[in-house]
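Note sheet for the following structure.
On a predicted model such as this, the values are computed, not experimentally measured, just so you know. Only this structure's heavy atoms are used, side chains among them; waters, hydrogens and symmetry mates stay out.
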Amino acid sequence: MPDSEKPTLLLVDGHSLAFRAFYALPIDSFVTRDGQHTNAIHGFLSMLILLLQKEKPTHLGVAFDISRFSFRNREYPEYKGTRGETPPEFKGQVPLLEEALHAMNITTISKEDFEADDILATLSLQGKQQGYRVLVVSGDRDTIQLVDDDVTLLYPNARGVSELKRYDEDAVRERYGIDPAQYPEIAALVGETSDNLPGVDKVGEKTAVKWIQQYGTAAELLEHADEISGVVGNNLREQRDRVVRNRKLNRLVRDVELPVSPHDLVRNPIDATAVREVFERLQFRTLLDRVIKLEGTADDQLVGDDERLPVAAIPAVRTMVDEELAKWLDTASEHGTAPLGLRIVTINGQVEGFGIASASESAWVPWAPGRPDYEALASWLASDSPKYLHEAKRQLKTLAGTGLELNGIAFDTTLGAWLLRPSTKADTLGGLTYYYLGETLPEPDPSQLVPETEAVSPATEAWYVFRLAGELASRLDPGSLSVSREIEVPLVPVLARMETQGVAVSAPVLAELNSRLGTQAAEIARQAYAEIGREVNLGSPKQLQEVLFDQLGMPKTRQNKTGFSTDAASLADLQDQHPHPFLELLLQHRDATKIRQIVETLEKGIGADGRVHTTYEQTGSATGRISSNDPNLQNIPIKTEVGREVRSAFQPGEGFETLLTADYSQIEMRIMAHLSEDEGLIEAFNSGEDLHRFVGARIFRVDPSEVTPVMRTKVKAMSYGLAYGLSAFGLSKQLRIETSEARELMADYFARFGAVRDYLRGVVEQARADGYTTTIFGRRRPFSDLTSTNRVLRENAERQALNSPIQGSAADIIKRAMLTIDADIRERMLGSRMLLQVHDELVFEVAPGELPELTEIVRTRMAGAATLSVPLEVQLGSGPNWDAAAH
DNA sequence: AAGGTGACGTA
DNA sequence: CGTACGTCACCTTG
């Protein structure tokens, strides 16, 4: 068979190539946000992709060493003995690389007691015998011996792994002057420093080649050792044991028993889901594209989770109106009982039409306001007939002003995908379709004026939404499904209303504050410049470093990526060690400008209606919390006096009487008490005593009345820190006390509240065993790093795992309260409205005369949102603005 | 123009 | 070496 028709078997020495990549790529340029180094993985995969494109192997396998030890160490304990410790930055990368390869459906092979090269040797021999063209990729020179007619070695050059030198028989002869099979004979004589195998003294490559050309093998040479004259001859005779040993060790084993043979290494389609997941974790974006491209775009090449999904045929789009639509809706929805996918299309804010789809049919319904012939559509939309949507809140809001009502949202694919993978950011419909269905939904590139790809019909999109909803629901566990049904989906219209209503903000109050802070900041800056004798940009950490550490010669602070930290904590430390008026002025300047920033952002956010409309990101956090953006109304200042002035700008709108605020008191600690069943903590909440005073009394063994403010501060920091996985070191830093004292404090705390510690430990253990944590209401958060060998990653994951059920349960609880409060307001047809949610607080705008009734509703619903072993206490307050309403 | 970083506001 | 977020200004990179 001519070579070109032979199947190609590509065999890679994973460990040696990854190691080469590790040294070839800058270590600092490839680090994930979590601190995991990825340069070796990146370099390896990049090389592999190039190889796959260039060599187009039909069969592929990657061999790994299991450990640093093999049979060679038993025979010669010093083998590879001079190799230093593997760099810690490299160690953790190998398992991740293997994971990535598995996701790409590439077989990895390793064998106890053998090195990767032995596996390559065995498979290349088998491959050759079975008629393959074999390509061996290795950074170990011993593999030169494998080269022959059918076997070519690809060897990385000094520059790294991107360029591989091709060694076929001729290339080896040209480079070394011998046949490939003779290479180990030479290596035995010369020795291999990196393997700690010394050769014959004074014998280098030149001499060795000359001898082997003459005698053929090292063994034959040794037979005739007495014929060799000179110093090298003497050395050869004296050091013949070295040669024998080297030759023994550098012979690759070609008959290792392996679980696979070459034909098992046939290339398979990648597991697109898994590849995305792994690459996302490694933060490889361009590589992901390259891998996907490698597969071509054929849908049948892609597999989902573990089975190949059949590609359903896209139903033909029917355009329908009037009676035909009425009939179809009734049939397709099985008289309002069966769900349909729904897609609302707007152009420049105007609704253009609706895509509606069942499992097998899809319809496009054009729409224009004021037309009377869409009764069937309007009534289906307004009915409880179940609907599946993508980004339901956004879609729902587009209907505002159309007179159309939308009810019956049964599933939101955005929310479903988030509940499955809460740590990932929201994906587009096309992204989810690709990820979960393994199919490609053409999406026009929004940056192109004339898109290359035509968008699919909204009706077809609705069909994908429908199928995606089914797929996601089937993947959700019962707990998450109930969170979807009982909490998240019902919350969609509630949040939509809150966003649409917005909150009234007084422009004059903000304007006054802005100009006052501006003057103040300028004055502070002037004084600061005077202190240092020049003008610098006080907002530039880089310039500040020059001033503080070069000009003023202050002691160095905590190191960060760009130099030394100039954050508030570091500046406070500096003030202690090296007092200077500039430091205080700088801090004041920061305070003033930061609040001014917030004020300006708010001013820009005031709409034509005099109100600020935030957007709540329902999938914005991994724990279940809601986030707020554009503008963020969840980080309005409160801690300082000027900060509270910002809050005073939030006021009831025209026609409303007052603002009502309601917040949970110590909800996270209460959840801890409930989940840990700690008797002491439960008693603390049932006693009616101030929590920190009660806990302080227990810890310091004094009467509650004898708990001093200092004691209370310490206890408070400890209690709050607990739910975050605080360490003694962290506590000492925060309280500016000795680590030993912090350690004692923690010990005393746990001596009194031991069940809390047991619970926190248990959470992490459970999460490690299950792979996820769960909230009181069944919300899950998966973790992958709890078993990581990388300590930083693992301990980060542990703290997140310990915090998630607590923060997540609190999020569940306030969401449940929001649902019932909203339902009550609507049922009783109150004019008052819920406007803001700030994690444990709700803000309402109260219609005239409704304060008592609303207060009662809010108190009851918030307190009753969960039944815990401690009461849920709610603090309420009202007033003419957000600041005054706070208690 | 886009992306990363430091700093800092909230719960 | 404490969780969860979003936003800004600055600065480097393309």
Q: Would you classify A/K733 as touching base, sugar-phosphate or nothing, given that sugar-phosphate means primed atoms plus P, OP1 and OP2, and contacts are heavy atoms under 4.0 Å?
A: nothing
Q | Sugar-phosphate, base or nothing in reach of A/Q543, heavy atoms under 4.0 Å | A | sugar-phosphate
Q.
Classify A/L731 by what it touches in the nucleic acid, base, sugar-phosphate, or nothing, heavy-atom distance under 4.0 Å.
A. nothing
Q: Return yes if some donor-acceptor pair links the side-chain N/O of A/T614 with the main-chain N/O of A/P631 below 3.5 Å, else return no.
A: yes
Q: Please check if the side chain of A/S648 supplies one atom and the backbone of A/E645 the other of a donor-acceptor pair under 3.5 Å.
A: yes
Q.
Using whole Å, what does the distance between atom C1' of nucleotide B/dG9 and atom CG of A/N629 come to?
A. 15 Å
Q | Which residue lies more 5' along DNA chain C, comparing A/G721 with A/K594 via nearest heavy atoms | A | A/G721
Q.
For A/N803, is there any backbone N or O sitting under 3.5 Å from a side-chain donor or acceptor partner on A/Y724?
A. no
Q: Rounded to the nearest angstrom, tell me the gap between atom CZ in A/R590 and atom P in B/dG6.
A: 13 Å
**Q.** Rounded distance (Å) that lies between atom C1' of B/dG6 and atom CG of A/L538
**A.** 15 Å
Q: Please work out if A/N537 contacts a base, only the sugar-phosphate, or nothing of the nucleic acid, heavy-atom cut-off 4.0 Å.
A: sugar-phosphate
Q. Just checking, A/R781 and A/Y772: is the charged tip under 6.0 Å from the six-membered ring centre and within 45° of the axis?
A. no
Q) What's the NZ-P distance between A/K542 and B/dA7, to the nearest Å? A) 14 Å
Q. Just checking A/T593: base, sugar-phosphate only, or nothing, at a heavy-atom cut-off of under 4.0 Å?
A. nothing
Q: Starting at atom CZ of A/R596, determine the distance to atom C1' of B/dC8, rounded to an integer number of angstrom.
A: 17 Å
Q) Contact boundaries of DNA chain C with chain A (under 4.0 Å, heavy atoms), 5' to 3'? A) C/dC1 to C/dT12
Q) Is A/Q875 reaching over with its side chain to a backbone N or O of A/Y664, donor-acceptor style, under 3.5 angstrom? A) no
Q: Scan A/G539 against the nucleic acid and name what it touches under 4.0 Å (heavy atoms): base, sugar-phosphate only, or nothing.
A: sugar-phosphate
Q. A/Q597 has an atom CD; how far is it from atom P of B/dT10, in whole Å?
A. 13 Å
Q) Do side-chain atoms of A/T557 reach the backbone of A/S565 as a donor and acceptor pair under 3.5 angstrom? A) yes
Q. Which is true for A/A810 with a 4.0 Å heavy-atom rule: it touches a base, it touches only sugar-phosphate, or it touches nothing?
A. nothing
Q. Rounded to whole angstrom units, what separation is found between the CZ atom of A/F650 and the P atom of B/dT10?
A. 13 Å
Q: Look at all strands and tell whether A/Q800 reaches a base, only sugar-phosphate, or nothing, counting heavy atoms closer than 4.0 Å.
A: sugar-phosphate
Q) Any sub-3.5 Å donor-acceptor pair from A/S480's side-chain atoms to A/R779's backbone N or O? A) no
Q. Under the 3.5 angstrom rule, does the side chain of A/D785 hit a backbone N or O of A/S788 as a donor-acceptor pair?
A. no
Q.
Need one value for A/R625: base, sugar-phosphate or nothing, where a base atom within 4.0 Å counts as base even if backbone is also close, heavy atoms only.
A. base
Q. Is the backbone of A/Q837 close enough, under 3.5 Å, to the side chain of A/Y616 for a donor and an acceptor to pair up by distance?
A. yes
(Q) Need one value for A/S804: base, sugar-phosphate or nothing, where a base atom within 4.0 Å counts as base even if backbone is also close, heavy atoms only. (A) nothing
(Q) Taking any heavy-atom pair under 4.0 Å as a contact, classify A/I638: base, sugar-phosphate, or nothing. (A) sugar-phosphate
Q | Validation row, ring centre A/F279 to ring centre A/H42 under 6.0 Å | A | no
Q: Determine the stems involving DNA chain B; a stem requires 3 or more consecutive pairs of the Watson-Crick or G-U wobble kind, each with both distances below 3.5 Å, and the answer is none if no such run exists.
A: B:1-11 with C:3-13
Q. With a 4.5 Å limit on heavy-atom distance, are the side chains of A/R611 and A/V505 in contact?
A. no
Q) Looking across every strand, which nucleic acid part, if any, lies under 4.0 Å from A/A568 by heavy atom: base, sugar-phosphate, or nothing? A) sugar-phosphate
(Q) Any base atoms under 4.0 Å from A/R791, or only sugar-phosphate, or nothing? Heavy atoms, all strands. (A) nothing
